[in-house]
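Report on one structure; see the data block that follows.
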Amino acid sequence: MLPKEVDLENMKILILARGYPNPNSPLRGVFEFDQAKALKDFGHQVIYVSLDLRSIRRVRKWGRQWLVSEGIDVLNISIPLGNLPRQLLSFFGIEIFLFFFKEVLGKFGTPDIIHAHFAIFGKIASVVKLRYNIPIVITEHSSHVNKSSLPKVFKNYLTECYKSADRLIVVSTALSKKINSFLGYSAVVVPNIVDTAIFEYKRGEVVNTEGFVFISVASLDKNKAIGLLIDAFAEACLGDNVFLKIVGDGPLLEPLKRKVIDCGKQSNIFFLGRQSRSNIATLFSSSNVFVLPSQSETFGVVYIEALLSGLPVVATKCGGPEDFINSDNGLLIPVNDKDSLIAALKIMQTEAGKYNPDLISQECKARFAPDVIANKLSNIYKEILLANGK
């Protein structure tokens with residue numbers, strides 16, 4: 001029987017994550033925190049524990065601090081452990097979390113459920129489950145799992161991390177298939193959230209006045225294949241009034257800038273640097289097509305943000321986009337295929353206007369809006385609590 005004090009419509013949920021969005025790191029833990037906000041707005045009490053174990057090179061305030069961010073109680077624990085072996089990092093993470101978990105109990109009482117994001121935090125949460133008899137949910141997002149094969153030692157580590165979970169969640173069908181194939185686990189697919197308060201299609205607005213604009217938002221690293229995009233854009237010969245705007249920063253920024261110069265496209269390709277989500281939303285509103293030829297994505301929130309803004313999308317069959325890109329909202333092409341990317345850019349230049357931006361946005365909202373995902377998570381939590389007789 002479920003004790004009377006557990007209110008299934010107002011559960012006490014502890015979210016354990018790698019960090020939280022803040023002025024110094026606006027995207028750190030953003031997917032996890034978006035879920036926390038959605039669950040709070042859905043009527044639950046949410047305690048968010050940020051356990052930041054990155055190295056000393058990551059500039060931030062160390063130690064423990066309580067704060068309230070966007071109405072959510074946050075316990076931020078920052079201990080610079082760095083690049084330790086997984087097992088050792090897990091060991092120290094468990095000891096650190098157990099120590100500070102006592103503060104959570106004293107301040108809020110025992111959570112009804114713990115939702116940990118990523119394998120290592122699932123392993124940390126599993127120790128709390130054993131000691132305090134609290135059910136746990138793990139969501140896996142990691143691109144390290146989204147591979148064609150996994151080393152045996154990593155498979156063993158993941159098995160150890162997942163084995164205590166009352167439910168394992170993944171963010172895409174492709175990732176669910178990978179985990180089932182590698183480990184034999186059945187995982188529930190619950191996608192990430194798109195922030196409908198920031199990204200939206202504004203019917204009737206003029207798209208832009210400067211020509212035809214492709215836009216890409218990405219970390220400028222090897223996985224996002226922006227170099228391939230630059231080559232394809234240059235070779236497509238789309239005309240003087242067609243532009244490519246690249247939002248983001250990363251280790252390949254300078255080589256990518258040199259590539260643009262080498263191909264003579266300085267007047268058509270622009271690097272806009274790292275931007276806030278609100279600025280990205282504004283850029284989307286003055287663009288025609290979103291394009292990102294990633295090599296691997298476990299989900300791909302930025303594609304969803306573009307769709308919610310009414311943009312058709314060019315994406316690769318790299319894991320995540322296959323769940324939501326279709327003929328009504330964009331084009332899916334093979335990974336690392338420059339010819340297909342050139343063809344997709346040419347098609348979009350002539351046919352982007354045939355897509356229905358309002359329909360693209362509305363269908364995206366119906367699948368990925370905060371209240372939709374919060375309802376899915378709430379039902380999972382309820383099933384677990386009822387099954388455990390909590």
Using side chain to side chain donor-acceptor pair (under 3.5 Å), reason through S294 and E297 one step at a time and then give a plain yes or no. CA-CA 7 Å; S294 291; E297 295 281 357; 2.7 Å; yes

Under 3.5 Å, is there a donor-acceptor pair between the side chain of S181 and the main chain of K177? no

Please determine if K37 and D34 form a salt bridge, counting it only when a charged side-chain N lies under 4.0 Å from a carboxylate O. yes

Co-membership, hydrophobic cluster, residues L89 and V153, 4.5 Å side-chain: no

Nearest heavy-atom approach of I226 to A218 is CD1-CB, 4.2 Å

Nearest 0.5 angstrom please: S287 OG to F212 CZ, how far? 9.5 Å

Would you please classify the geometry between the H115 ring and the H117 ring as parallel, tilted or perpendicular, with 30° and 60° separating the classes? parallel

Does any part of the side chain of L377, heavy atoms only, come nearer than 4.5 Å to the side chain of I169, both counted from C-beta? yes

Considering all heavy atoms of both residues, which atom of W66 and which atom of E103 are nearest to each other, and what is their separation? NE1-OE1, 2.9 Å

For the residue pair Y162 and I179, what are the closest heavy atoms and their distance? OH-CD1, 4.1 Å

Answer yes or no: is there an ion pair linking K376 with D371, defined by an N-O contact shorter than 4.0 Å? no

Are P321 and L332 packed together at the side-chain level, in the sense that at least one heavy-atom pair is separated by less than 4.5 angstrom? yes

Residues, nucleotides or ligands: over 12 heavy atoms within 6.0 Å of F108 CZ: yes

L175 and T173: side chain to side chain contact (heavy atoms under 4.5 Å, CB included), yes or no, with the steps? CA-CA 5 Å; L175 194 55; T173 302; over 6 Å; no

Step by step, would you call L220 with L256 a side chain to side chain contact (heavy atoms under 4.5 Å, CB included)? CA-CA 8 Å; L220 303 184; L256 290 172; 4.1 Å; yes

Taking atom types as modelled, is there a side-chain donor on S296 or N146 under 3.5 Å from an acceptor on the other? yes

Would you say CG of N241 has more than 12 non-hydrogen atoms from neighbouring residues, nucleotides or ligands within 6.0 angstrom? yes

Restricting to non-hydrogen atoms, name the atom on V247 and the atom on G273 that form the minimum distance, rounded to 0.1 Å. CG1-O, 3.4 Å

With a 3.5 Å cut-off and sequence neighbours excluded, list the donor-acceptor pairs that the side chains of residues 343-352 form with protein atoms.
from, atom 1, to, atom 2, distance (Å)
Q349, NE2, L238, O, 2.8
T350, OG1, K346, O, 3.4
T350, OG1, I347, O, 3.0

May I ask you to decide whether R167 forms a salt bridge with E383, counting only side-chain N to carboxylate O separations under 4.0 Å? yes

Under 4.0 Å between a side-chain nitrogen and a carboxylate oxygen: does that hold for E322 and K317? no

NZ/NE/NH1/NH2 to OD/OE distance under 4.0 Å, E9 and K382: yes

Would you say that D195 contacts R277 through its side chain, given a criterion of any heavy-atom pair below 4.5 Å between the two side chains? yes

Pairing of D231 and K259 as salt bridge, 4.0 angstrom limit: yes

Sequence neighbours left out, what passes side-chain contact (heavy atoms from CB on, under 4.5 Å) with P357? Give chain and number order. Y201

Output for pair (D249 CG, S219 OG), nearest 0.5 Å, gives 8.0 Å

Same cluster for F243 and I261 if Ile/Leu/Val/Met/Phe/Trp/Tyr side chains link at under 4.5 Å? no

Between CG of N268 and CZ of F214, what distance do you get to the nearest 0.5 Å? 11.5 Å

Indicate yes or no: at least one non-hydrogen side-chain atom of V49 is less than 4.5 angstrom from one of L14. yes

Is K107 paired with D73 through a side-chain N to carboxylate O contact shorter than 4.0 Å? no

For F100, I'd like to know if atom CZ has over 12 heavy atoms of other residues, nucleotides or ligands within 6.0 Å. yes

Going hydrophobic residue to hydrophobic residue with side-chain gaps under 4.5 angstrom, can you get from I124 over to L130? no

Return the CD to OH distance between E32 and Y48, rounded to the nearest 0.5 Å. 4.5 Å

Hey, what do you get for CD1 (I15) to NZ (K40), rounding to the nearest 0.5 Å? 12.5 Å

Report the relative orientation of the aromatic rings in Y303 and F290; use parallel for angles under 30°, tilted for 30 to 60°, perpendicular for over 60°. perpendicular

Does atom NZ of K155 have more than 12 heavy-atom neighbours, drawn from other residues, nucleotides or ligands, at distances under 6.0 Å? yes

Identify the heavy atoms of V170 and S176 that sit nearest to each other, and give their distance. CG2-CB, 3.5 Å

Do we see a donor-acceptor contact under 3.5 Å between the side chains of S25 and Y20? no

How about V302 and I280: do any of their side-chain heavy atoms sit closer than 4.5 Å? no

Short side-chain donor-acceptor distance under 3.5 Å, D323 and S172: no

Sub-6.0 Å ring centroid separation between F97 and F92: no

Are K365 and E200 ion-paired here, with the side-chain N under 4.0 Å from a carboxylate O? no

Does the side chain of E140 reach to within under 4.5 Å of the side chain of T298, using non-hydrogen atoms? no

Compare all side-chain heavy atoms of L67 with those of N76 and state whether any distance is below 4.5 angstrom. yes

Is any side-chain heavy atom of L39 closer than 4.5 Å to one of S378? yes

Is the distance between the ring centroids of F118 and H141 under 6.0 Å? yes

Co-membership, hydrophobic cluster, residues V104 and V68, 4.5 Å side-chain: no

Would F324 and F299 count as a ring-ring contact (aromatic ring centres under 6.0 Å, His included) if you check the C-alpha gap in whole Å, the side-chain angles of each, and the deciding distance to 0.1 Å? CA-CA 10 Å; F324 47 79; F299 181 65; 5.5 Å; yes

Is a donor from one side chain sitting under 3.5 angstrom from an acceptor on the other, for N10 and Q45? no

Under 4.5 Å between side-chain heavy atoms, counting indirect links through other Ile/Leu/Val/Met/Phe/Trp/Tyr residues: same cluster for M11 and I72 or not? yes

Test side chain to side chain contact (heavy atoms under 4.5 Å, CB included), reference C364, set L307, L359, N329, output is L307

Tell me whether the count of non-hydrogen atoms from other residues, nucleotides or ligands lying under 6.0 Å of CZ in R274 goes above 12. no

V194 and L308: which non-hydrogen atoms are nearest, and at how many Å? CG2-CD2, 3.6 Å

For Q266 and K257, which I'm curious about, is there any donor-acceptor pair between the side chains at under 3.5 Å? no

At what distance, to the nearest 0.5 angstrom, does CD1 of I215 lie from CG of L311? 8.0 Å

Will you find, in the side chains of D52 and S50, an N or O donor that is under 3.5 Å from an N or O acceptor? no

On the 0 to 90° scale, with breaks at 30° and 60°, tag the H44-F42 ring pair as parallel, tilted or perpendicular. tilted

Tell me if a side-chain donor or acceptor on T316 pairs with a main-chain N or O of I333 at a distance below 3.5 Å. no

